[in-house]
Q: 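Shown below is the structure under consideration.
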Amino acid sequence: MTNKDRREWMGLLARSAPDSLAALIGPLPQHSFARAPEIGAVMVRGRAGGTGAPFNLGEMSVTRCTIQLADGTVGHAWVQGRDKAHATRAAIVDALMQGATADEVRGRVLVPLAEVAARRAATRRAKAAATKVEFFTMVRGED
Amino acid sequence: MYVAVKGGERAIENAHAWLAEERRGDPTVSELSIAQIREQMTLAVNRVMAEGSLYDPDLAALAIKQARGDLIEAIFLIRAYRTTLPRLAGSNPVDTGAMVVSRRVSATFKDAPGGQILGPTFDYTHRLLDFALMAEGEAPPAAPTAPADPVAVPHILGFLDRDGLIEAATPSDLTPPDLTREPLELPADRALRLQSLTRGDEGFVLGLAYSTQRGYARNHAFVGELRIGTVAVEVDIPELGFAVEIGEIELTECETVNQFKGSKTEPAQFTRGYGLTFGQTERKAISMALVDRALRWRELGEDFTGAPAQDEEFVLSHCDNIQATGFLEHIKLPHYVDFQAELELIRSVRAAAFSQMEAAE
Amino acid sequence: MNMQPISGGFSNAPLQSATAFRAVLQAMSRPGLWQAIDGAAPPAPLSQASGALILTLADPNTPVHLAGTLDCDAVRGWITFHTGAPLVAAQDADFAVGAWDDLQPLDRFAIGTPEYPDRAATLIIELDGVPAANARLTGPGIDGEITAFCPGDRPTAFPLGLDLILTDGARIMGLPRSTGLEFL
């Protein structure tokens, strides 16, 4: 497991819809809370001019949670919104992905979530593409 | 004499009960769900998120329902709620260059790479009431699709920047000042002004922006680029030691290209105004960019013409609709004692004047 | 993975942090009197009292400075996980924790500005047992005068100045900037 892999699955879990994750994860393994699910805010920042100095744009709601599996593995989650059960499930998947069943969990949970996310982005892009203006230039001039 | 007044408890309770009944309206008409508001009153939800300064569509929809559609009241509810949330972190600045765009237009370059993408816009509608919507219609057919180019859509102003034709927007990693944590001190830097404008009242910011177009601190704005789409929000997680995406939000970004400056020593360059807002809120984002540009007169070496949009103290002190409505609406609440004092004063002044007149006769 | 950093927080945060906050209020409004404060089990060498103070008072907006032996991985990791407070140099700190000698010189810490006297540091001073009283305390919250142990003098220019909280095991004593100190 590299930090890059972990970044990727944590991001995917955070962006996933609570219902989709709940449906895929099935019964939860035994776990305890190192930090019970907590609802808070993250201050979202932008940059002046898109690339310049940072400024505070406004907050978004977020829920974070840290769980520990029976074997001691720790899983973290920071997910958009106020769904504590969703944050708990995301933290459990994070912990499972560090263990022996990682490949099985990836196939059962992460791959379908990634497909849903990709489909959503593709649909959006395709609808946007259909509204792209195709200019044509009227011929004018002397000759 | 100060008289403490107590009472009205029953009247207030009954007023609340009636308010709840009025909010629901005719019970034979089906009730609005939060999901309906979120999905079908999306632009109202977006405005409440932008000015409430909290990105959470479900809560914004709830606030609109509870406020009976009064958006400033809904924004007030969201502002009150957000103060109860612990601040867990600040995000890394979002990368709007990597936005998955649903709309992206430029008024300055017809053939910009990535193209002109209209998106779900009102711009070319005829503003005729659609009576078909009055009948409970079927869902409209799905929007057409076309093969998409998966590459990121670059910022148009980047092209001007590369050629040195526009002032640079130089990156920095400074932690920006936060209006919600430290009292506002003037002069404010640009980061504080942008925060104030993005949560400012849409109508107020629109009015100021319009005033610059009409000549009060004119700055000849072109919309270099307007884009709407989703970006990932990334936070450095202290317990992990690296950054993780915590979700995705929709933003509207407007970059304006404004009148250039130049001198004997510096070649002429265009200048910039910037707007960035939560949700699909393009009127607000464009307005914000125009006002941002007007407020930058000092750093760009321009004259202060006395125009409201240039006056930082005026703009920042008055653009917040919750501050404004709080102070405005409080004057309808009991001021019996204050007014009693005024009444006594005017009576004594009049009595003195009458007795003088009598004495003169 | 090392579990040390993530254990030892409040098990019932709403109740325990409110109780601990009440203890801090009591300590600051009754200078010179010791108050019990518990609920935290931080990694050594941080005391229980300092752990509870940090859990109660620190968050991502309050930079913390760790002095001397407290500036170790275990304590840093614990504070980061439980509070998200940035760990900083003395001059940037809202809270500083350490032994009296390790916190010197005190003029490194912010004492506030005339416009914002609240922008001053609070020093959490770890004692290992409390020596005999060596100072006479007077001022707000003290009926006349009281004697107590105080590790040394601190810069004051009231309303500017440093607020001190002494810790010993699972108890704290407040020495706010408003308290007059006269060493015996």
Side-chain angles (χ1 to χ4, degrees), chain A residues 3-4 6-16 34-35 38-64 66 74 76-82 94 117 120-135 137, chain B residues 50 53-56 59 82 85-94 96-97 100-102 110 115-119 143-148 150 155 169-172 174 176 178-179 190-191 194-195 198-199 232-233 235 237 239-240 242-249 253 255 272 274 276 278:
Chain A
N3 284 352
K4 187 172 167 294
R6 194 166 181 196
R7 252 178 70 92
E8 234 154 70
W9 77 58
M10 286 183 77
L12 178 63
L13 290 164
R15 290 193 312 270
S16 69
R35 177 159 59 204
E38 177 188 14
I39 298 171
V42 160
M43 177 53 93
V44 181
R45 299 193 172 122
R47 290 186 181 280
T51 56
F55 69 96
N56 290 309
L57 181 61
E59 288 164 311
M60 65 189 274
S61 57
V62 66
T63 305
R64 69 174 177 184
T66 300
V74 173
H76 297 287
W78 283 61
V79 302
Q80 181 170 15
R82 290 163 293 107
D94 178 51
R120 202 174 48 210
T123 307
R124 198 182 174 88
R125 283 199 177 94
K127 283 183 187 170
T131 67
K132 192 187 254 187
V133 181
E134 281 154 29
F135 290 104
T137 308
Chain B
S53 205
L54 182 70
Y55 196 98
D56 190 315
L59 285 183
R82 66 154 283 281
L85 294 176
R87 172 82 59 85
L88 302 181
S91 83
N92 293 336
V94 291
T96 53
V100 178
V101 299
S102 51
K110 177 168 73 73
Q116 307 269 354
I117 299 164
L118 300 182
T145 57
H155 272 132
T170 317
S172 84
L174 293 175
D178 187 350
L179 202 60
R190 192 176 176 201
L194 290 170
Q195 182 184 12
T198 193
R199 68 210 300 272
V233 179
V235 170
I237 308 290
E239 55 267 28
L240 293 173
F242 54 85
V244 167
E245 282 177 17
I246 60 163
E248 207 169 53
I249 59 174
E253 182 185 47
E255 292 187 273
R272 295 166 182 259
Y274 189 66
L276 184 67
F278 278 159

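By convention in this document, chain letters (A, B, ...) are assigned in the order of the sequence lines, proteins followed by strands, and residues within each chain are numbered from 1. All values below were derived from every heavy atom in this structure, side-chain atoms included, with hydrogens, water molecules and symmetry-related copies excluded.
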Q: Examine whether an atom of B/Ala243 lies under 4.5 Å from a heavy atom of chain A, and if so say whether it belongs to the side chain, the backbone or both; otherwise answer neither.
A: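 Contact with chain A involves both backbone and side-chain atoms of B/Ala243.
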Q: Quick one, A/Gln80 and B/Ile249 - any side-chain contact, counting heavy atoms below 4.5 Å?
A: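 A/Gln80 reaches B/Ile249 side chain to side chain.
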Q: Counting only heavy atoms closer than 4.5 Å, note whether B/Val235 contacts chain A via side chain, backbone, both or neither.
A: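 Interface part for B/Val235: side chain.
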Q: Compare every heavy atom of B/Val101 with every heavy atom of A/Ala128, then report the nearest pair and how far apart it is.
A: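 Heavy-atom minimum between the residues: CB-O, 3.6 Å.
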Q: Which bit of B/Arg87 is near chain A, if near means a heavy-atom gap under 4.5 Å: side chain, backbone, both or neither?
A: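 B/Arg87 touches chain A through backbone and side-chain heavy atoms alike.
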Q: Heavy-atom cut-off 4.5 Å, strictly under: side chain, backbone, both or neither for B/Leu179 against chain A?
A: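 For B/Leu179, there is no contact with chain A at all, as no heavy atom is under 4.5 Å.
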Q: For B/Tyr55, give me all partners under ring-ring contact (aromatic ring centres under 6.0 Å, His included), at least two apart in sequence or on another chain.
A: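 ring-ring contact (aromatic ring centres under 6.0 Å, His included) list for B/Tyr55, sorted by chain: B/Phe278.
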Q: Output yes when a side-chain donor or acceptor of B/Arg82 lies under 3.5 Å from a complementary backbone atom of A/Met60, and no otherwise.
A: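 Side chain of B/Arg82 to backbone of A/Met60, a donor-acceptor pair under 3.5 Å: no, none is there.
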Q: Taking the side chain as every heavy atom from C-beta outward, state whether A/His76 and B/Val244 have any pair of such atoms under 4.5 Å apart.
A: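 A/His76 vs B/Val244: side chains apart.
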Q: Side chain from CB out, backbone as N, CA, C, O: work out which of these in B/Gln116 comes under 4.5 Å of a heavy atom of chain A, or both, or neither.
A: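 Both parts, backbone and side chain.
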Q: Measuring heavy-atom distances to chain A, does B/Glu248 have an atom under 4.5 Å in its side chain, in its backbone, in both, or in neither?
A: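 Backbone plus side chain of B/Glu248, per the 4.5 Å heavy-atom cut-off to chain A.
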Q: So which part of B/Pro147 gets closer than 4.5 Å to some heavy atom of chain A, the side chain, the backbone, both or neither?
A: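 Just the backbone, heavy atoms under 4.5 Å.
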Q: Could you tell me whether the side chain of B/Val94 reaches within less than 4.5 Å of the side chain of A/Val44, counting heavy atoms only?
A: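 With C-beta onward as the side chain, the pair touches.
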